[in-house]
Amino acid sequence: MEEGSNWSCFPSEEALGIFSSRLKPFSIDLFDLVRNPKKDASFLPEMASFLRRAPPEALQPYLDLTLLPLLLLLDVAVKCRSEKKVDLGASLGALVVSDFVAENMLLCLEEILKKCHLGSVDQMVVVLKKLTSGALLSPSEAAEEFRGGIIRCLRAMLLRLHPCSAVSCTCKQVSSLAPVSTETLQPQQTLMHYQGGECLIAFLQSEDASAAVGHLLSLLLQIAEVEAARGHLGSGRLRKEAFLTLRVLVSKVGTADALAFFLPGIVSRFSKALYASKSMITGAAGNTGSLEHAVRGLTEFILIVLSDDANTYGIEVSYSDGIAFSPKNRRNSQAVLDALRQLPSSSLIHSENAVTTSSIQSVLASSSNGEVHDKTSGNSARPLYVKRTKEWVEKTSTNVDKMLSATFPHLCVHPSEKVRKGLVDGITGLLSNCGHTLQRSKLMLLECLCVLVVDDSDVVSVAALQSLESLFMLEKEVFSEDEISEIFSRLIERLPIVVLGSDETIAVSHARRLLALMYHAGPKVVVDQLLCLHVKAIQFFDAFSLVLGHNSQYTGSVNNLILSKPLSVGYLLSISELKAGSLFGYSNNDAAYRTPSGASKISVLQDKGSENSADSANGDSEFPRMPPWFVHVGNQKLYQALAGILRLVSLSVMADHRSKVSLSSVIDIPLNYIQKLISELRMKEYSKVGWQTWYSQNTLGQLIRQTSTGVCILNEMIYGLSEQSANFYKRLFRKSGSKEKDAPSEELTFKSIWKLFQGKDVRNQIIYCVGSILHEYLSYEVWSLPIDQDSPILEHERESNLSLHFFRDVTMLHQVIIEGIAIFSITLGRDFVSGGFMHSCLYLLLQNLISSNHQIRTASDAALRVVSAASGYSTVGHLVLANADYIIDSLCRQLRHLDLNPRVPDVLAAMLSYIGAAHDMLPLLEEPMRSLSLELEVLGRHQHPNLTVPFLKAMREITRASRHEASRLPNETMSFYEFVNLKFCRMENRGKMDNIQSSCGDFVTSDKKCVDLSNADIPFEEWEDLLLKLNDMKRYRRIVGSLVGSCLNAATPLLGSMTESACLVALDIIEDVVSSLAKVEEAYKHEKEAKVVIEKAIQSYSSNGDEDTMDPDDDPDENRLLPAMNKIWPYLVLCIKNKVSVAVIRRCTDVLSRSIQISGGDFFVRRFHNDGQVLWNLLTPSSLPLRMKHTSSQDKRPILLPYRNTSQTSEDPMAEASSLKIQAAVLIMIADISGNKRSSSALDAVLKKISSLVVGVACSSVKGLQDASVKALTGLANMDPDLIWLLLADVYYTMKKRNIPQPPASELASMSELLPPPMSSKEYLYVQYGGEGALVDIDPSSVDANKLIGTIHRGRRVNNKRFINLV
């Protein structure tokens, strides 16, 4: 068997001898098998392998020897199967020729028919007869493999038919318009002209073979239909083989005369198969391979029969008038789109759903009747011939148009790429060769091609684009103006119907069809058809108001509705960037940014953003985006197509410089909706009508929704004028599959047609339109609409049952307006700033950044990032700082009218919280600080009691920013002093060296000696510059100090408030104030040192040594910290005395501890002696009462002044857990103060009392205070370890009866003599020092020497011998 592969290497006679010796035994075995089908047929696979390797030249002489037994065996196999029905799953053993034998026999027959051409018509007729009898077997009679082998054998025979060598033979009339693609078929040998006496192709084209050809066509279609009817049991592969074989048969017959009679039946049955694929996506009917061949087979059949060249008499046009769109003659993209600009567009498709199955059946009936008529009344000599007259062509083209209109549109969105690619090739051929015969279908085919141009697949879109370019290669107009108007009108008229319909794919297809048509038609055609007449423009925008309107949200599924819901936790990316502090060098670990209390944060801005949330939010900054109500449709592709249409409309006005239509007149149409809404809102204010009454009017709710739709339309139209929009069309219509050599022409193509002229007039027109739109967007009436039931504008509304639909509509309106601001910044770029638009919009975006609605917050966050990037700023923080003066000005203007702008404090707090106050911004805060101080005074709190806490939060952010700035001042001033001092030392040393080398006396004797440094290297002007820099630093330090002082004066009285939130925020402010004042004083000291050095340097340049050259020290008020603590102290004591809540008391002790450590303990010695009892009472074992909280808004307690007696005694007993928390906080405060050398002196006057109280707590049975008391004892032991030892030893040795250590010497007193045991618990030292309030029940287990004494042992001044003896 191995020699078979090397036959071509032998001489011909030797090769044929070897081949014959191998082939004859197979033939003999075949004849034996025919006589005895039950005989062993194991040789058949070997024979098939042998034939597969045999060369055609060697096999051709033995065709009869091998073909005859195979056909006889085939006849037996077919006969035994046709006589016995084989049910599914039944035994096949009763068959004379088993499936194994039959299938291998067909493999051998297929190889012979592939490699050998039939010698005569009779031989071909015999083969066709045998194969046809096998093809007639049903699925119940023969297996799928057997029937598939029959079809493959038939196709192999047809593929082996070659044209003859006779020049005048009719086989040369085979049409070349629809050749079967070689990629679809098996690789074939190079075709040779057949030299025999009979031409088999001519026979197939003859009248004698018409019946056989028709029978084969019908049989192949029937096989495909049977498999489709079997559903999932049917074979998609067999259906594909049938369609492919039919294509081969049609291509071999290849003449209109021979195939025209069969056109109605073939087209109708193909169309039925294609139409069924709309609902059948699985099984044999939905097989993509079979559908591809069905599309190609249908178009190839129509091309052969209805081509313009084959029907010149029927359409009454000469060949010269025909349109030949040959892809070989394609021009470049520039010429093609220039031709497209002159073209009318088309409006083709009647409707994807207009032709149903019933219409197909009616066409089938009419086609059948036509066939019968031709058979009965036609020429008797040519019963299967049709004379293609003008009437026949018109009637046939009408029926074909119905078929194509029912099938091709929905195939444009078929999920299979191969099907869509086959459709592109078919449409290209039909438009190129059947333009006159298929006049009715021309527009529909062009629409389908426009859909496929923007296909998601690069293969399909590139092929469609090339076809479209080749189609419009001629300068002659293909479509009339009436056709253009018709297609635009029909597409726009049907757009709302398909979008609001139930089929999503049809809507996408229709929108993409209109988009591609507008793009390739050019701006002039778009303007002429849509915008030239005002009536047409209104109709266009009315259609898009329906398409993009809120009604579209009811067309989607429930799943789309669920997926459109926002996440429960929002993540604002720009805020997270600002909170990270990368802009101003903030550190998350910086003490200046610790937030011990959550009450000081803005509640609506607390977002727990994580990395995952950040990743998911990255896509939120892409603009434009689908409007919030359109997401219920659930198709991003649909919105992109609709938005692309709107962008082309605005771009067409600016790209066509000859257009008489202005952009402003087009913009005014959708802008009218928002203008009408503003007018209605003004009428509401004028008539003093409530919101419920106003909204209950029938049309106002619809007006709000129409306004949001109009805003969406305006946003997309303005975005169409940006460079990003041009890139979108380049990506959409120029796929990656296009050739690299076409890349330069792509850029040229787009610019030549849709180029936006960059002239000054055009830019000014765009800026004018954006300004007119923003004027309406920023209207006060629009932003006065409430977004929820808690809006301040509804506080005085008696009717509080507004519909939730109203709030949702208003929210979506605000959201699309905010997104529009971002889009305008993208379009204008730097002009958005220079035109003043950014300054007017920035405050609005910051204000909505703290909106109570998640959608508005997210939109504002994304818009801020887009505006900052478009304006040339790296982050939102840089954007805000660069425009801080505009923002502060808006804040101050609204602070003067708090009744109208109650959320201004929140805006200020949010801005400072997430952006901070940098060097350039702090000076601007003085005016807002004055307004805040006025509002926090008694009168201001009385007028706006609900704004007290928001104002405190805003002030908290000012002190937070001031603290950050103040923390930098000491380092900066210290560095400046070191720099100045080093420079002065170098100058002084250089001056001394020059004086020593000088020959004359350089020393000037006066009250003190000095060195003349006038000849030093450092010029006098440099010292003046340093002095100016020092003055700038001093000025900024004073600004920080002034701001902090104002915050101190405003917030200190609020420490006495009975409101927990106000107390907590006020305590945060006080903590920042104390820290800031300390840093300001420290910076002042360094400034003073630097000033002295600069004075000395400047005086050294004076010839007379006059020291009175600088202003005297004008900083008498730089001692700020201690006066501030003197003012704060009584309010801190009052805050603890009020016992508002556990959180307030704990926070107050923490602030008190930090303030004492910063200010130093000496200042507080007398204060602790006088007022410390308020704190020490918290350590007593008695239960701690809390103030009764009154919920009634009528009973508001006034703020208590320091040391004022009050009769308020209503108190609630404190829970044990709360009491322990307060005592632990006091113990930690004592530990912090006593453990710090700077602050420990504050406790000198009350050391014995405090120590006694702490020892009592440490030895008590309260386990929760053990750790805190040990820390307090450790700190107190640093002050006086003897005292702590005595207090602890007194308790310890009283509880310990045995193993008491003896004195090391007899002359020393024993422990019992030093510390005699108390007669009662009141005689303990800690009780005598601390008073009876310190008396507790001693717990022996708590008196742990290893823990208590060991802790004190770590003190720095502990007497080690005492502890050794004690332990």
Side-chain angles (χ1 to χ4, degrees), residues 135 148 151-152 154-155 158-159 174-186 204 213-228 235-256 258-277 284-307 310 360 363-364 367 396 399-400 403-404 406-408 411 414 416 418-430 432-434 438 441 445 448:
I151 296 176
R152 288 195 300 272
L154 177 60
R155 185 169 71 250
L158 292 173
L159 288 172
V174 174
S175 176
S176 61
L177 296 177
V180 181
S181 59
T182 57
E183 297 84 358
T184 308
L185 307 177
Q186 295 86 351
L204 291 177
V213 170
H215 180 62
L216 284 176
L217 291 173
S218 177
L219 181 59
L220 292 171
L221 288 172
Q222 182 181 356
I223 292 174
E225 291 169 357
V226 167
E227 296 302 322
S235 172
R237 183 175 61 85
L238 191 58
R239 181 177 167 89
K240 174 182 175 182
E241 296 284 349
F243 283 144
L244 180 55
T245 304
L246 186 146
R247 291 179 59 199
V248 175
L249 176 60
V250 171
S251 66
K252 292 301 179 181
V253 177
T255 61
L259 297 176
F261 179 81
F262 309 108
L263 176 67
I266 296 297
V267 171
S268 60
R269 295 176 76 173
F270 264 131
S271 300
K272 184 178 180 181
L274 294 176
Y275 188 82
S277 66
N287 181 266
T288 57
S290 63
L291 289 177
E292 178 192 6
H293 289 297
V295 171
R296 293 183 182 274
L298 173 62
T299 54
E300 289 166 1
F301 202 98
I302 295 175
L303 275 173
I304 294 174
V305 178
L306 292 181
S307 65
I360 291 182
V363 176
L364 263 173
S367 301
T396 304
N399 293 332
V400 170
M403 300 293 183
L404 297 182
T407 56
F408 274 24
L411 289 177
H414 194 275
S416 174
K418 292 182 179 180
V419 174
R420 301 196 305 273
K421 178 60 168 61
L423 188 63
V424 171
D425 297 338
I427 291 175
T428 303
L430 293 176
S432 302
N433 301 282
C434 305
L438 296 180
S441 305
L445 295 175
C448 294

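Numbers here are sequence positions counted from 1. Just so you know, these numbers use all the heavy atoms, side chains as well, and skip hydrogens, waters and symmetry mates.
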Heavy-atom side-chain contact between [X] and [Y] under 4.5 Å:
X: Ile304; Y: Thr255; result: no
X: Leu438; Y: Ile302; result: yes
X: Phe270; Y: Thr407; result: no
X: Val295; Y: Leu411; result: yes
X: Leu298; Y: Leu404; result: yes
X: Thr288; Y: Lys418; result: no
X: Glu292; Y: Ser416; result: no
X: Phe408; Y: Thr299; result: yes

Exercise for the section: Sequence neighbours left out, what passes salt bridge (charged side-chain N to carboxylate O under 4.0 Å, His left out) with Arg239? Give chain and number order. Expected result: none
Which heavy atom of [X] sits nearest to which heavy atom of [Y], and what is that distance?
X: Leu306; Y: Cys434; value: O-SG, 3.4 Å
X: Gly289; Y: Asn287; value: N-OD1, 3.1 Å
X: Val250; Y: Phe301; value: CG2-CD1, 3.6 Å
X: Val248; Y: Ser251; value: O-OG, 2.7 Å
X: Ser268; Y: Met403; value: CB-CE, 3.6 Å
X: Ala258; Y: Val253; value: CB-CG1, 3.5 Å

Practice task
Kindly write out the residues that satisfy side-chain hydrogen bond (donor to acceptor under 3.5 Å, both in side chains) with Ser277, not counting sequence neighbours, or none if the list is empty.
Solution key: none
Determine whether a donor-acceptor pair (N or O, by modelled atom type, separation under 3.5 Å) exists between the side chain of [X] and the backbone of [Y].
X: Ser218; Y: His215; answer: no
X: Arg247; Y: His293; answer: no
X: Glu227; Y: Ser235; answer: yes

Practice task
Step by step, work out the side chain to side chain contact (heavy atoms under 4.5 Å, CB included) result for Val305 and Phe262.
Solution key: CA-CA 10 Å; Val305 178; Phe262 309 108; over 6 Å; no
To the nearest 0.5 Å, how far apart are [atom1] in [X] and [atom2] in [Y]?
X: His414; Y: Leu274; atom1: NE2; atom2: CG; answer: 9.0 Å
X: Thr245; Y: Leu249; atom1: OG1; atom2: CG; answer: 9.0 Å
X: Ile151; Y: Leu219; atom1: CD1; atom2: CG; answer: 8.0 Å
X: Glu241; Y: Leu154; atom1: CD; atom2: CG; answer: 11.0 Å
X: Arg152; Y: Leu238; atom1: CZ; atom2: CG; answer: 9.0 Å
X: Leu291; Y: Arg296; atom1: CG; atom2: CZ; answer: 12.5 Å

